[in-house]
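Data block below; observations after.
Values in this document were obtained by computation on a predicted structure and should not be read as measured data. Note that the numbering runs from 1 along the sequence shown for the chain.
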Amino acid sequence: MSGSVSVASGSMANVNAANRWDQFDDWCEKIGDRLNPILVKETRQALKSRQFVVTFSVLLFAAFAWTVVGSLSQMPQIYTTPSAARLMIGYYVVLAIPMLLVVPLAAYRSLEGEIDDGTLELLSITALSPWQIVLGKLASASLQMMIYFVALFPCMAYAYTLRGVDLPTTLIIIAALLVAGLVLTVAALFLAPVAQSRTGRIATLLILMMVLLFAEYTIGYFVIDLILNGNPLTSDWIFFLCTSTLLVSLSSGHLLLTATAAQLTPESENRSTNLRISMMVLSMILVGMGAYVIRGLDPSGNIFVMIAISLAVMWILFGSMLAAESPVMTPRIRRELPQSFFARVVLTWLTPGPATGLVFATVNIVVLTGFVVFGLFEYRQIPSNLRASDLQALFRLSILFSSYLVAGLIAVRWIVALVRINNHPRVEIGLAAMITVMVLSALVPYSIGLHLNDYRNYSYSHWQITNWVWTLAEATPSGSVRDIEVFSVAISVTLAFVACLLTMPRTVLPRRIATPEQVQREQNKTASP
């Protein structure tokens with residue numbers, strides 16, 4: 001009788017355990033349904049794919065093989081001397097190849113395959129937004145990275161116990177791999193929909209391969225040097241580099257993701273406002289970094305100058321493409337424009353269009369130039385390695401470069417407007433137009449002067465004021481350009497910018513249109529539960 005009771009109680013326990021597992025399985029299924037469906041689809045496909053199985057198997061085998069070989073090669077000194085460096089380098093190489101090379105390429109091929117197969121067009125008619133599609137691809141790639149990292153984490157912990165590499169260095173290595181892997185994956189997703197033709201996709205694949213290999217080499221060089229030689233930086237520099245790297249990675253990654261989602265968004269939608277906000281956020285982060293290094297962290301001024309150069313390169317790219325946007329504004333976009341006068345003055349520059357793009361880029365360039373000039377004046381007040389003549393030359397270079405850049409944007413705006421009369425170019429044509437304008441503005445006056453001087457060397461004169469290369473070179477301490485010429489160029493560009501605005505008042509300040517009643521009813525039906 002007691003035996004039958006024990007059997008019955010055991011069977012009831014098994015039934016209760018099975019019910020708990022069923023409940024847990026149902027809960028997991030509900031959570032999975034609530035998640036991004038692209039994430040669920042991509043994760044299931046990725047974990048069942050041959051690429052993941054082969055990569056994960058090779059990773060495990062390589063980690064095991066290096067653990068055995070690396071440990072035996074250091075016997076018997078491994079018991080008495082610090083031996084973690086060699087093993088840590090091997091584990092880094094094993095982990096870096098899938099995280100910095102395989103996963104970004106797989107993400108690129110996944111999004112490119114959606115475009116080639118026409119699946120993306122089917123997804124566009126569903127309730128999924130472009131942001132959900134892009135974030136689903138990124139989340140799937142991030143999940144694969146975490147699986148690779150978790151598989152190799154015990155090996156790195158084993159290497160750490162052998163002494164020779166401290167805990168902060170180990171954490172920096174792990175953080176560098178994770179951040180670099182995510183940024184490279186975002187860059188791969190950005191490049192996937194850029195090209196439309198097969199030749200263009202081959203070119204973007206080659207560009208992606210070069211970027212990945214360059215990142216693999218540079219990050220590997222940094223990590224191996226860090227493992228072998230230790231960390232020579234102070235705590236202030238470590239805090240600055242870690243914080244700035246994280247913030248720049250997040251902001252640049254958001255910008256690339258926004259640009260990727262914009263490429264997948266129909267032309268009838270507003271694809272420009274989020275991009276412009278993301279551009280401003282990235283610029284503000286760089287400005288914050290520059291303001292931080294001014295106060296004693298960078299007495300040489302090298303970091304500040306590098307940040308200023310980065311801002312200049314960024315706004316050459318951003319401004320040239322903003323000035324080349326399509327002037328066509330659909331009724332859906334016009335219904336979303338700000339309505340009040342104050343909102344129009346403040347927020348209109350975030351709306352799509354080449355005219356608002358020109359104003360938006362110019363305002364940002366002027367504000368950032370003011371920040372650079374303020375930073376140069378601050379360097380005059382603090383002990384630094386910069387001489388007064390160097391600071392004055394940097395001041396002239398900043399004003400001149402910003403003036404020439406704004407003049408180039410005005411030229412790009414009108415060149416692309418002429419091209420759009422019979423064609424429908426993409427915004428990338430703005431960058432090509434900017435390069436053409438800058439080359440011709442430097443080459444034509446120099447060629448004319450060379451011809452007038454019988455093709456002999458000649459000195460700089462005011463007739464070469466449009467030759468931005470020579471003028472910037474003469475703005476150095478040993479050059480002949482002084483403050484009066486700098487302000488003359490700035491005033492001339494300001495007048496040209498104002499004249500450009502006066503010729504297109506309607507496109508600079510577009511007005512909002514009323515929402516039709518039928519559209520309003522449909523929106524109310526969609527918004528109602």
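- Atoms OG and CG, on S251 and L286 in that order, are 7.0 Å from each other to the nearest 0.5 Å.
- Although no hydrogens or angles enter the test, the distance criterion places no donor-acceptor pair under 3.5 Å between the side chain of S272 and the main chain of P352.
- The minimum heavy-atom distance linking A187 with L256 is given by the pair CA-CD1, 4.1 Å.
- T494 places a side-chain N or O within donor-acceptor distance of the main-chain N or O of A490, the cut-off being under 3.5 Å.
- Looking at heavy atoms from C-beta onward, L191 lies out of side-chain contact with T260 at the 4.5 angstrom threshold.
- Results of the side chain to side chain contact (heavy atoms under 4.5 Å, CB included) test with T258 over N274, T273, V134 single out N274 as the only residue that passes.
- Considering only heavy atoms from C-beta on, N364 comes within 4.5 Å of M280 through its side chain.
- Atom CE of M306 has 12 or fewer heavy atoms from other residues, nucleotides or ligands within 6.0 Å.
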**Asked** Can F395 and V372 be said to form a side chain to side chain contact (heavy atoms under 4.5 Å, CB included), step by step?
**Response** CA-CA 8 Å; F395 169 77; V372 173; over 6 Å; no
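- At distances below 3.5 Å, at least one donor-acceptor pair connects side-chain atoms of T476 with backbone N or O atoms of A473.
- Among residues two or more places apart in sequence or in another chain, the side-chain hydrogen bond (donor to acceptor under 3.5 Å, both in side chains) test is passed with W66 by none.
- Judged by distance alone, with hydrogens and angles left aside, the side-chain atoms of R420 form a donor-acceptor pair with the main-chain N or O of A324 at under 3.5 Å.
- Taking both residues in full, the closest heavy atoms of G290 and V293 are given as O-CG2, 3.2 Å, listed atom of the first, atom of the second, then distance.
- For the atom pair CG of L87 and OG1 of T161, the computed distance is 9.0 Å after rounding to the nearest 0.5 Å.
- Residue I224 holds its CD1 atom at 7.0 Å from CD1 of I227, rounded to the nearest 0.5 Å.
- Side chains of F497 and V359 form a contact here, defined as non-hydrogen atoms less than 4.5 Å apart.
- Residue A433 comes nearest to I415 through the heavy atom pair CB-CG2, 4.3 Å, listed as atom of the first residue, atom of the second, then distance.
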**Request:** Take M434 and L409 through the side chain to side chain contact (heavy atoms under 4.5 Å, CB included) test and state the conclusion after the steps.
**Result:** CA-CA 7 Å; M434 173 64 77; L409 293 179; 3.4 Å; yes
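- With hydrogens and angles disregarded, a donor-acceptor distance shorter than 3.5 Å links the side chain of R396 to the backbone of A475.
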**Message:** Between Y160 and M156, is the side chain to side chain contact (heavy atoms under 4.5 Å, CB included) condition met? List the steps.
**Reply:** CA-CA 6 Å; Y160 173 74; M156 301 188 75; over 6 Å; no
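- Under a 3.5 Å cut-off, the side chain of T356 and the backbone N or O of G353 do form a donor-acceptor pair.
- The pair R276-E325 counts as a salt bridge, with a side-chain nitrogen and a carboxylate oxygen less than 4.0 angstrom apart.
- Proximity of a side-chain donor or acceptor of S398 to a complementary backbone N or O of L394 within less than 3.5 Å is detected.
- Atom CZ of F149 is separated from atom CE of M146 by 6.5 Å, given to the nearest 0.5 angstrom.
- L208 places none of its side-chain heavy atoms less than 4.5 Å from the side chain of T204.
- Counting only heavy atoms from C-beta outward, the side chains of V367 and V287 never approach each other to under 4.5 Å.
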Under 3.5 Å donor-acceptor pairs involving side-chain atoms of residues 88-105, not counting sequence neighbours:
{"from": "Y91", "atom 1": "OH", "to": "T67", "atom 2": "OG1", "distance (Å)": "2.5"}
{"from": "Y92", "atom 1": "OH", "to": "G220", "atom 2": "N", "distance (Å)": "3.3"}

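- Atom CG of L250 and atom CG of L255 lie 12.5 Å apart (nearest 0.5 Å).
- With a 4.5 Å cut-off on side-chain heavy atoms, E112 and Y108 count as touching.
- Within the 4.5 Å cutoff, side-chain heavy atoms of F401 are placed close to those of I316.
- In this view, Y148 satisfies the side-chain hydrogen bond (donor to acceptor under 3.5 Å, both in side chains) rule with no residue, not counting sequence neighbours.
- Distance alone, capped at 3.5 Å, is enough to place a donor-acceptor pair between the S441 side chain and the M438 backbone.
- The shortest non-hydrogen separation linking P154 to A151 is CD-O, 3.7 Å.
- Between S402 and I365 the shortest heavy-atom distance is CB-CG2, 3.9 Å.
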**Request:** Decide yes or no on side chain to side chain contact (heavy atoms under 4.5 Å, CB included) for S142 and L182, but give the supporting numbers first.
**Result:** CA-CA 7 Å; S142 304; L182 289 174; 3.2 Å; yes
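- Put simply, the side chain of D483 reaches to within 4.5 Å of the side chain of Q392, judged on heavy atoms.
- Below 30°, between 30° and 60°, or above 60°: for F52 and F56 the angle between ring planes is below 30°, a parallel geometry.
- When every heavy atom of Q263 is checked against every heavy atom of V194, the shortest pair comes out as OE1-CA, 3.2 Å.
- Using a distance-only test at 3.5 Å, with no hydrogens or angles considered, a donor-acceptor pair links the side chain of S244 to the main chain of L241.
- Aromatic ring orientation, F360 versus W315: tilted (interplanar angle from 30° to 60°).
- Rounding to the nearest 0.5 Å places CG of L59 at 11.0 Å from CD1 of I147.
- In terms of modelled atom types and a separation under 3.5 Å, the side chain of S252 and the main chain of V248 share a donor-acceptor contact.
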